[in-house]
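Report on one structure; see the data block that follows.
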Amino acid sequence: MTVQMSSDTETTPTSASDDQGGVTIQLDGKTAQVPLRDGETILEAARRAGMTPPFSCEAGNCGTCMAKLTSGTATMRVNDALDDDEVEEGYVLTCQGTPDGPVVVDYDC
Ligand code: FES
């Protein structure tokens, strides 16, 4: 008798999808939504959505790209512009912030 071991070699990647939910961007009274891409910053997502968000240094130093997360969270690679209170209120440097999941970002706040 042959006993066949389970051959569950077809694994499903859990993080291979580049569409993990939406990035909703509100800017100049307009709203756009794009699928979230792994590792993409909010600023990059806003540009991909065809918007022209404000930015300058793109290094986390100036605060020009600042926006407020009204839903969801993001992780900033560098933050040399916002103080702790602003971060607690939901403000994010969009040039450094990568969404942790679906987010709504308001540049008009
Ligand atoms: S563009 Fe300067 S902190 Fe984002």
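As the structure lists them, so they are numbered: ligands from 1, and atoms in each ligand from 1. Positions are given from 1 along the sequence. Heavy-atom basis, side chains included; hydrogens, waters and symmetry copies ignored.
- Each of Leu69, Leu36, Thr98 was evaluated against Ile42; a single residue qualifies, Leu69, per the side chain to side chain contact (heavy atoms under 4.5 Å, CB included) test.
- Listed by chain and residue number, nothing satisfies the salt bridge (Lys or Arg N to Asp or Glu O under 4.0 Å) test with Glu89 (two or more places apart in sequence, or in another chain).
- Arg37 has no carboxylate O lying under 4.0 Å from a charged side-chain N of Glu44, or vice versa, which leaves the two without a salt bridge.
- With a cut-off of 2.8 Å, the protein N/O/S atoms near atom 4 (Fe) of ligand 1 add up to 2.
- For Lys68, the side-chain contact (heavy atoms from CB on, under 4.5 Å) criterion is met by Tyr91, Cys109, not counting sequence neighbours.
- Residues passing the side-chain contact (heavy atoms from CB on, under 4.5 Å) test with Asp83 are Asp85, Glu86, sequence neighbours excluded.
- Residues Pro53 and Tyr107 are in side-chain contact: their nearest non-hydrogen atoms beyond the backbone lie under 4.5 Å apart.
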